[in-house]
Amino acid sequence: MLRSHTCGELRAENVGQQVTLCGWVDTYRDHGEGLLFIDLRDRYGYTQVVASPESGEQAQQLARQVRSEFVLSVTGTVAPRPEGTVNPKLATGEIEVRISELQILNECDNPPFQPGAVELPGEDLRLKYRFIDLRREEMQQALLLRSAIVKGMRDHFEEHQFIDVETPVLGRSTPEGARDYLVPSRVHPGKFFALPQSPQLYKQILMIAGYDRYVQVARCFRDEDLRADRQPEFTQLDMEMAFVEMDDVMGMIDLLVARLAKDLLGLDVRLPLPRMTYDEAMERFGHDAPDLRFGMELIDLTDLAAKTEFRVFRGVADGGGRVRGINAKGARDNYSRKGIDELTTYVQQDFGAKGLAWFKVEDDGTLASPIAKNFEDELLAAIRDRMQAEPGDLLLFIADDWSVTCKALNGLRNRLGAELKLYDPKTMNFSWVIEFPMFEFDEETGGWTAMHHPFTAPRKQDLELLETDPARCRAQAYDLVINGSEAGGGTIRIHDPQTQQKVFDILGIDEATAAERFGFLMDALKFGAPPHGGIALGIDRFVMLFGGLASLRDCIAFPKTQRATDLMTRAPDEVESKQLKELSIKISR
RNA sequence: GGGGCCGUAGCUCAAUUGGUUAGAGUACCGGACUGUCGAUCCGGUGGUUGCGGGUUCGAGUCCCGUCGGCCUCGCCA
């Protein structure tokens with residue numbers, strides 16, 4: 001070892017010891033011929049090392065050459081800091097190391113930015129020079145948290161007799177779901193592997209093979225556009241259990257969530273985690289992953305709207321749409337006319353709403369708005385009543401088809417929740433959303449698509465609905481929601497070929513197509529498939545939510561930009577024509 | 001594919017209504033300094049205002065295009 005201690009380790013009780021530290025120069029303060037201070041940094045902390053005339057001519061000479069981010073080895077004696085110079089900001093602030101020998105292990109070009117800088121540089125620079133960015137304390141904390149979360153997950157599942165099994169990265173492309181990342185096969189010209197969107201089918205096969213508790217930290221790939229919380233390459237804690245029902249899987253995750261919350265955040269989480277049906281979530285919050293850290297629930301006014309002469313409301317109500325709103329308590333004076341205009345533009349541009357109707361509740365209780373004159377007094381009173389409006393409130397309404405009212409009001413609710421600081425950003429809220437619909441109607445094709453995936457089991461009491469009314473058929477599916485983010489999702493799977501075929505029928509996948517694409521699964525289901533189900537948790541999102549981070553990029557050591565490139569390695573890039581030739585690939589553009 | 005924000009010194013930012021020599025802090029280079037810890041003080045280097053075109057007597061500023069970063073809708077079972 002080139003060092004005896006780390007830079008975060010030394011305390012008053014080490015005074016007098018001779019030590020050797022290695023690390024990077026965080027800052028240095030040169031007092032000329034006399035004193036020179038260096039804050040030496042490694043991932044454990046900072047230690048002030050001091051060069052003085054007692055350090056000897058050679059060490060002093062070298063110390064004077066030191067610059068930001070040089071890599072040093074410092075040998076010296078641990079000394080108490082003189083009276084009045086203790087630095088309470090440092091864990092090691094009571095001591096310093098008096099240099100007797102100093103080695104410059106490596107120099108550093110003038111860095112594009114400094115890890116300790118007060119102002120964070122642009123994200124493009126951080127990504128290009130990720131090796132410097134990762135030296136920053138915040139990044140180290142995030143990666144440490146990530147490591148702790150993964151360890152907690154692994155420990156939990158190991159304690160419950162789960163077996164870690166690796167599944168292939170090179171697999172078969174399936175046209176359902178997200179766009180696949182494809183890998184050309186050299187051996188089979190014109191044929192392609194696909195990188196897994198998740199190990200879904202493999203883990204079902206493992207259940208059928210009798211490995212009744214499987215777990216894996218699995219890398220997944222989806223070639224879709226990025227968001228702050230979506231990377232093309234991400235990591236799931238993937239698990240599957242045999243001989244279980246929904247409650248068993250959710251119970252297993254409940255325990256894990258409580259464990260992680262306790263160990264990493266010191267939070268006591270009450271179990272079981274609260275559950276809400278999909279229908280309730282959509283009705284009360286307009287979203288299947290509602291942020292339950294604050295109220296401001298959606299309130300339906302469609303029945304009242306049907307009675308008004310106001311054409312916008314009346315037309316929507318008569319046309320089968322919905323009029324719903326939210327009451328931003330006490331927010332009347334937070335939004336000027338211009339502020340409301342911005343909200344209007346927001347719901348129009350982002351969610352396709354036709355407009356935003358609003359009322360300000362005046363001090364005398366009257367509802368003030370440009371559209372107020374279109375409403376009869378009794379109706380205004382009814383609205384006020386329904387919205388539980390009080391002086392100072394701001395009422396916002398969307399009149400549109402059901403889907404738009406959901407999206408727009410969910411958007412408004414989340415935006416106002418943040419802008420009005422309706423919750424403490426440190427609070428954590430865990431819950432389940434259950435009973436998702438089995439199918440969604442696809443306007444484009446005029447057929448049904450699987451809401452989760454085609455292997456999801458319907459609720460037992462809904463089996464008949466498969467044939468009579470697929471729209472009302474609910475799935476044995478469950479999403480884990482943390483602070484309004486989908487942090488994981490799972491289902492009980494279909495384990496008999498008959499039900500599986502019925503679902504394929506509804507999805508318009510005929511027997512031949514099913515055999516072609518998932519023949520191996522259809523076969524496996526015929527060879528003794530146990531009832532089984534599981535879940536996948538988004539590890540990156542867990543880190544983001546537990547760490548209170550704004551972007552998934554801050555939870556991943558080497559993330560992609562919004563345009564799915566790596567600024568450090570400059571991937572993706574063109575390849576040599578020889579490589580393409582071997583793969584029988586021609587680029588057409 | 002659509003909407004929005006941004007791009008000026010190595011970095012973070014400023015620059016009046018379009019106006020003459022594009023500034024500051026920091027980093028870097030040189031010097032001073034024996035208790036600093038965002039050290040301080042003195043001096044200095046550093047600019048294709050992302051790139052290309054246009055309007056104008058004159059463009060960092062206005063217009064068009066393009067590249068890049070971010071947010072977002074669509075998309076992501």
Side-chain angles (χ1 to χ4, degrees), chain A residues 26-40 46-55 60 67-69 79 81-90 92-93 96 98 108-129 132 174-180 197-198 200 220-232 234 342 345-353 404 407-408 411 414-415 436-440 442 448-456 475 477 486 489 491 503 507 536 538 550-551 553 560-563 565 567:
Chain A
D26 196 64
T27 53
Y28 60 96
R29 297 172 289 281
D30 188 352
H31 288 247
E33 299 300 314
L35 285 173
L36 192 152
F37 300 95
I38 297 167
D39 291 335
L40 201 62
Y46 306 81
T47 301
Q48 173 167 284
V49 301
V50 192
S52 68
E54 299 157 37
S55 305
Q60 261 198 306
R67 293 295 178 269
S68 286
E69 300 306 305
R81 294 207 188 179
E83 228 11 86
T85 65
V86 166
N87 185 349
K89 283 189 249 171
L90 288 185
T92 63
E96 62 194 16
R98 303 259 166 89
C108 177
D109 288 354
N110 187 22
F113 61 94
Q114 292 188 304
V118 180
E119 292 135 332
L120 204 56
E123 192 158 5
D124 44 351
L125 255 203
R126 291 176 51 204
L127 291 173
K128 181 174 177 187
Y129 297 98
I132 293 171
T174 52
E176 291 84 15
R179 202 174 287 115
D180 282 322
Q197 297 176 25
S198 79
Q200 178 60 40
C220 306
F221 305 87
R222 294 178 190 177
D223 187 4
E224 298 291 347
D225 287 349
L226 285 77
R227 290 285 187 283
D229 62 352
R230 258 165 43 191
Q231 283 272 309
F234 61 101
E342 280 171 21
T345 310
Y346 170 59
V347 295
Q348 287 173 332
Q349 283 188 347
D350 277 15
F351 307 108
V404 171
K407 289 176 188 168
N414 285 335
R415 178 169 171 163
F436 284 78
M438 280 286 285
F439 307 102
E440 282 176 308
D442 187 337
W448 297 101
T449 59
M451 186 149 182
H452 200 78
H453 59 63
F455 317 106
T456 304
E486 182 192 333
T491 61
V503 169
L507 296 174
S551 163
R553 294 182 298 278
K560 304 282 188 288
T561 65
Q562 215 224 1
R563 293 185 63 253
T565 65
L567 294 181

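Chain letters run A, B, ... following the sequence lines, proteins first and then strands; every chain starts at 1.
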| request: Pick base, sugar-phosphate or nothing for A/Asp30, based on heavy-atom distances below 4.0 Å to the nucleic acid. | output: base
| query | If only side-chain N and O atoms of A/Arg67 are considered, is one of them under 4.0 Å from the OP1 or OP2 phosphate oxygen of B/C29? | reply | yes
| What is the distance from CD of A/Glu342 to P of B/C71, rounded to the nearest Å? | 20 Å
| How is A/Gln562 classified with respect to the nucleic acid when contacts are heavy atoms under 4.0 Å: base, sugar-phosphate, or nothing? | base
| message | Evaluate A/Glu224 against A/Arg230 for salt bridge (Lys or Arg N to Asp or Glu O under 4.0 Å), listing each step before the verdict. | response | CA-CA 9 Å; A/Glu224 298 291 347; A/Arg230 258 165 43 191; over 6 Å; no
| Using a cut-off of 4.0 Å on non-hydrogen atoms, how would the nucleic acid contact of A/Glu123 be classed: base, sugar-phosphate, or nothing? | sugar-phosphate
| request: Give A/Thr456 one of three labels, base, sugar-phosphate or nothing, depending on what nucleic acid heavy atoms sit under 4.0 Å from its own. | output: nothing
| request: Assign A/Leu90 to base, sugar-phosphate, or nothing according to its heavy-atom contacts below 4.0 angstrom with the strands shown. | output: nothing
| task | Determine the contact category for A/Gln60: base if any of its heavy atoms lies under 4.0 Å from a base atom, sugar-phosphate if only primed atoms, P, OP1 or OP2 are that close, otherwise nothing. | result | nothing
| Over how many whole Å does the gap from A/His31 atom NE2 to B/A39 atom P extend? | 10 Å
| request: Give one of base, sugar-phosphate or nothing for A/Ser198, where a contact means two heavy atoms less than 4.0 Å apart. | output: base
| field | Touch class at under 4.0 angstrom, heavy-atom based, for A/Pro121 against every strand present | value | sugar-phosphate
| field | Any strand: nucleotide that pairs with B/U40 via Watson-Crick or wobble, under 3.5 Å | value | B/A32
| query | If you look at every strand shown and take non-hydrogen atoms under 4.0 Å, does A/Thr85 touch a base, only sugar-phosphate, or nothing? | reply | base
| B/C11 pyrimidine/purine six-ring stacking with A/Phe113, under 5.5 Å and 30° | no
| query | With sugar-phosphate meaning primed atoms plus P, OP1 and OP2, does A/Arg563 contact a base, only sugar-phosphate, or nothing at under 4.0 Å between heavy atoms? | reply | sugar-phosphate
| said: Taking any heavy-atom pair under 4.0 Å as a contact, classify A/Arg553: base, sugar-phosphate, or nothing. | reply: sugar-phosphate
| request: Name the nucleic acid region contacted by A/Asp225, choosing base, sugar-phosphate or nothing; use a 4.0 angstrom heavy-atom cut-off, strictly under. | output: base
